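Here's the structure, in structure tokens; my notes come after.
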Amino acid sequence: MQPDSREIEVAVLVSVGRHPVTGRARRADQDARGVEVALTLPGARVRLLHAGPADDGSEEALRGYLGMGLDRLTRVEQPEGADVVPALAQRLAAAPPQLVIAGSRAERGEGSGLLPYALAEYLGWPLVNGLAEVEGIENGVATLLQALPRGQRRRLQVRLPAIITVDGAAPMARQSAFGPARRARLESCAEVAVMDKALGEWTLMPARKRPKRLKIIKAGSARDRFKAAAAKAEGGGGQLLTDVTPEQGAEAILKLLKEEGVLR
Amino acid sequence: MLDTLLPILIFTALALAVIGAWRRNRLWRQGRPSSVPILKGLAAMPRRYLVDLHHVVARDKVMSNTHVATAGGFVAAAVLMILVHGLGMGSSEVLGGVLGWVLLAASATMFVGSLFVAKRRRNPPARLSKGPWNRLWKSLMAFSLGVFLITLPTVGLLPEGFLEGSGGWILALGLAAVVAWGLGEMIVGMTWGGPMKHAFAGALHLAFHRRPERFSTKAGGEGRSTGLKALNLDDVDAPLGVEKPADFTWNQLLGFDACVQCGRCEAVCPAFAAGQPLNPKKLIQDMVVGMAGGSDAGYAGSPYPGKPVGEHQGSPQGPIVARQGQALVDAETLWSCTTCRACVEECPMMIEHVDAIVDMRRFLTLEHGNTPNKGAEVLGNLIATDNPGGFDPGSRLHWAADLDLPLMADVKQAEVLLWLGDGAFDMRNQRTLRALVKVLRAAEVDFAVLGNEERDSGDVARRLGDEATFQSLAKRNIATLAKYRFQRIVTCDPHSFHVLGNEYGELGGDYEVRHHSTFIAELYDTDRLTFSPWKGGSVTYHDPCYLGRYNGEYEAPRRVLRALGIQVAEMERSGSRSRCCGGGGGAPITDIPGKQRIPDMRMNDVKETGAELVAVGCPQCTAMFEGVVDASAEVRDIAEFVADALVDRPAAPVESRPRRPAVEEFCP
Ligand code: SF4
Ligand code: SF4
């Protein structure tokens with residue numbers, strides 16, 4: 001697209017995913033979309049970075065990313081239960097790419113979606129979430145399209161280096177091919193492991209599907225029903241709090257939770 | 001003068017032919033190695049030609065007789081011509097001059113044959129190639145007539161001195177020219193790439209066929225070899241499928257070169273008829289173009305629908321399918337095939353189109369990662385959930401919650417292992433499965449199912465080119481099956497039937513597999529089922545490709561229908577010529593657009609019989625036919641017909657009944 005675009009260094013953070021139905025290890029859907037974004041970026045030199053323990057199950061899943069047409073992946077070896085943020089940050093700081101792409105949240109482990117933010121804080125880089133498309137990169141500034149709810153898009157410009165995260169709004173990942181996946185190199189390297197102490201104290205259990213709020217539609221005519229179905233979910237009774245103290249904010253949230261019956 | 005000229009002509013032609021053969025051989029040898037017994041193959045060749053090949057050719061009686069006369073006459077005439085005119089053995093000192101007379105007879109026979117060839121070219125059907133093929137009859141005539149005439153003086157029907165003197169000279173030269181023309185086409189052209197190439201390449205192709213087991217033997221029995229060959233996945237350096245023409249094995253290349261462009265494959269191809277961009281004949285010719293290098297502009301037959309001839313080119317070491325733009329063949333051509341094998345079944349040259357198509361698909365899927373449309377999703381599901389729909393593998397038996405099916409994990413052994421197939425996730429097919437269970441119970445068959453331990457057989461993955469996923473599924477299924485004891489597997493899915501029966505063997509799983517129609521026929525024959533007489537309307541039967549052409553089972557379903565008292569109103573295309581439903585080979589998944597839909601065409605065939613019901617024996621066919629809008633006939637599986645007609649037999653002694661479920665189909 002851009003003949004004058006120079007090469008840009010892109011690092012994609014990839015994790016071992018988990019299939020929602022069978023729980024089998026696989027390439028994580030969002031991370032794979034991140035790889036797809038990177039691969040379709042003109043002039044991008046893409047490297048893949050994974051932090052985690054080295055075992056057979058994860059190797060096959062990681063090769064899923066390589067099958068998209070990359071010839072190597074670097075695995076920063078970390079023991080089970082380690083906090084991978086410091087290791088990844090050091091790794092990235094040692095050879096800083098211009099762009100880091102990551103999925104919004106992991107499919108196993110904590111899955112809190114905090115990693116990109118922690119990394120951004122550590123590195124002092126800006127972060128853009130919910131990326132739909134990278135429109136172009138010029139003179140160290142990336143023009144991005146961010147996905148907002150209901151198919152809306154917002155155009156943003158961000159100075160590189162930056163971290164961007166992708167979710168289901170990014171384009172689908174291409175098929176992973178067996179041959180390239182098998183031939184590509186999985187390089188391992190060591191980095192100091194910082195154990196995640198807090199995690200060790202937690203009890204983990206399978207998540208349950210969150211209940212979905214029913215929309216109560218009191219509409220007489222088909223036209224009203226259609227309008228209600230197509231309408232934006234506007235929180236009519238909401239209020240926007242600005243310039244309040246943390247205490248006031250917490251108070252307001254607590255009040256809402258009580259009203260909604262979440263807290264009793 | 002002819003006495004000197006003829007040996008020169010003949011031996012020059014032979015020498016040129018030898019050079020051509022050597023060059024052609026070099027083209028074939030660009031292919032990958034493939035070990036075939038050379039001498040054994042050559043020894044088997046005459047039988048393969050006379051029996052197997054002619055078995056196919058004979059489906060067209062006129063053409064068959066034409067070929068016998070022309071080819072037989074030619075082979076005899078060519079050999080005798082070398083003896084008589086090349087080596088001068090026509091004189092009365094040798095065998096009393098009988099050779100000359102035989103030569104006359106042979107060339108006369110050939111001439112008669114060539115008249116029929118000429119007649120067929122007057123109004124050729126669309127499937128025949130034009131171009132050089134249009135001149136072949138003239139060359140045949142030139143050869144036969146020329147040889148006939150030059151032999152007349154030899155046997156003394158014309159005076160020896162007839163061709164001397166000034167008038168004679170001109171006549172002799174003219175004759176020599178005609179003979180030279182004939183020799184050029186018939187002998188030199190054979191190895192240099194004219195229409196007669198099919199005879200040379202065809203003979204060697206029969207001898208070195210990659211599937212020797214598909215030919216009949218003297219011991220009897222018609223050979224059948226339909227299972228795809230496994231890729232070697234253990235060797236990391238082994239190539240995955242076919243990227244360029246030189247990636248085919250040498251005997252596959254030789255096979256492509258044997259094509260006579262008769263277009264029989266084109267005439268039966270459902271994808272071609274539906275206007276999808278596939279024509280098996282053109283595909284084979286494209287492989288020949290690729291093997292020799294060049295463009296397809298010289299091709300003189302029907303194109304791929306919607307793709308003009310002359311825009312594609314290739315070379316032996318160039319890609320067949322380009323990642324971007326055009327090369328020799330477009331990917332959608334390869335993905336249009338339903339792997340119905342109609343082309344292979346019809347091909348008089350015993351060319352294996354489906355093998356070639358899957359070989360090329362393998363490369364596209366395993367190396368390019370480019371399976372079109374729903375392909376990637378389905379393969380992803382197969383990897384993650386062991387079924388193409390992405391359903392929870394733990395829900396495989398939900399449809400049978402009330403049937404209390406015996407599980408292999410509990411009973412460990414049974415006479416029959418009932419293989420459910422992925423139809424277990426499909427509401428329509430669940431009706432068929434329930435009917436089948438009812439039939440098995442009525443016949444008191446000792447059976448069990450794998451339940452949640454069953455996985456997709458790998459059929460779709462393999463035909464979409466994903467050999468890795470196929471082998472992974474197959475190996476896990478084989479390991480599961482190895483845990484239990486059973487005599488045979490019965491399934492209502494011909495695809496599972498084919499894969500379990502014909503393709504697991506190479507990976508270490510040998511089973512006796514029966515299609516449910518075969519098994520039901522056996523149960524009926526041994527008096528284990530009794531039916532009430534048929535009272536419904538007229539019924540036709542659709543042969544599933546994977547049951548019929550892949551496994552030769554045409555009779556059992558018809559026998560079952562007859563046993564039910566149903567007179568099958570046959571469709572014009574039935575049995576080995578049955579037209580595909582469009583559901584095989586992953587075609588509904590890759591979904592290449594055409595002008596019509598294949599199932600619509602087949603339901604039209606059904607309509608022409610006036611039948612109110614179409615009996616099927618395959619979940620895929622059922623799904624395809626039920627998707628036809630405004631169909632004139634209702635679709636019903638053989639098992640459903642049987643289950644509906646069951647009548648209680650006089651009570652069997654109670655203790656002989658196996659463990660009965662608490663809940664059964666009860667008539668209060
Ligand atoms: S592939 Fe076979 S059936 Fe098709 S045109 Fe060639 S010889 Fe005839
Ligand atoms: S297998 Fe069937 S669909 Fe495929 S090329 Fe042959 S006839 Fe056509």
Side-chain angles (χ1 to χ4, degrees), chain A residues 1 14-33 35-36 38-40 42 46 48 56-73 107-108 168 170-186 206 208-209, chain B residues 231-243 247 323 331 361-396 425 452 455-456 461-462 464-472 476 589-590:
Chain A
M1 310 311 106
V14 294
S15 60
V16 176
R18 182 188 151 87
H19 192 269
V21 176
T22 55
R24 290 186 198 165
R26 60 160 187 176
R27 59 172 187 176
D29 177 59
Q30 294 181 352
D31 295 356
R33 287 174 195 253
V35 176
E36 180 68 37
L39 286 176
T40 43
V46 185
L48 300 183
D56 283 353
S58 69
E59 161 147 5
E60 223 188 293
L62 292 174
R63 286 197 178 274
Y65 299 106
L66 291 167
M68 295 169 73
L70 291 134
D71 55 5
R72 79 178 81 172
L73 179 149
E107 292 177 357
R108 47 174 79 207
M172 283 264 285
R174 68 190 61 185
Q175 191 175 353
S176 175
F178 175 81
R182 184 169 72 161
R183 280 190 303 270
R185 284 213 314 273
L186 210 68
R208 263 179 305 149
K209 243 196 162 77
Chain B
L231 268 188
N232 176 1
L233 296 177
D234 299 328
D235 177 3
V236 184
D237 297 321
L240 301 171
V242 164
E243 176 189 19
D247 285 344
R323 265 188 208 261
R361 285 183 178 188
R362 283 175 174 171
F363 187 84
L364 294 181
T365 292
L366 296 176
E367 287 291 352
H368 280 196
N370 222 346
T371 323
N373 287 326
K374 293 270 172 217
E377 184 186 327
V378 167
L379 293 175
N381 285 339
L382 283 168
I383 292 168
T385 64
D386 301 334
N387 66 75
F391 299 105
D392 181 356
S395 65
R396 199 174 267 274
F425 294 107
N452 292 340
R455 294 171 190 83
D456 177 87
R462 185 167 235 198
L464 287 177
D466 192 346
E467 182 73 3
T469 301
F470 165 73
Q471 289 193 13
S472 152
R476 285 178 289 149
I589 297 163
T590 54

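Labels below follow one simple rule: chain letters A, B, ... track the order of the sequence lines, proteins then strands, and each chain is numbered from 1. As the structure is a prediction and not an experimental result, all values here were calculated from the model.
- Of the residues considered (B:Val236, B:Ile383, B:Asp392), B:Val236 shows the highest number of contacts with chain A, using heavy-atom pairs under 4.5 Å.
- The number of heavy atoms from other shown groups lying within 6.0 Å of CG (B:Asp235) is above 12.
- A 6.0 Å sphere centred on CD of A:Glu59 holds more than 12 heavy atoms belonging to other residues, nucleotides or ligands.
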In sequence, state the C-alpha distance, the side-chain angles, and the governing distance for A:Leu70 and A:Val35, and then conclude on side-chain contact (heavy atoms from CB on, under 4.5 Å). CA-CA 10 Å; A:Leu70 291 134; A:Val35 176; 3.7 Å; yes
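- Looking at B:Asp466 and B:Thr469, their side chains do bring a donor and an acceptor atom within 3.5 Å of each other.
- Identified by a heavy-atom distance below 4.5 Å to chain B, the contributing residues of residues 15-23 of chain A are A:His19, A:Val21, A:Thr22, in residue-number order.
- Residue A:Arg174: no heavy atom, backbone or side chain, is found under 4.5 Å from chain B.
- Contact of the B:Leu233 side chain with the B:Leu240 side chain is registered, since non-hydrogen atoms from C-beta on lie closer than 4.5 Å.
- Between A:Glu60 and A:Arg24 there is no salt bridge, since no side-chain N of the basic residue sits under 4.0 Å from a carboxylate O of the acidic one.
- Relative orientation of the B:Phe391 and B:Phe425 rings is parallel, given thresholds of 30° and 60° on the angle between their planes.
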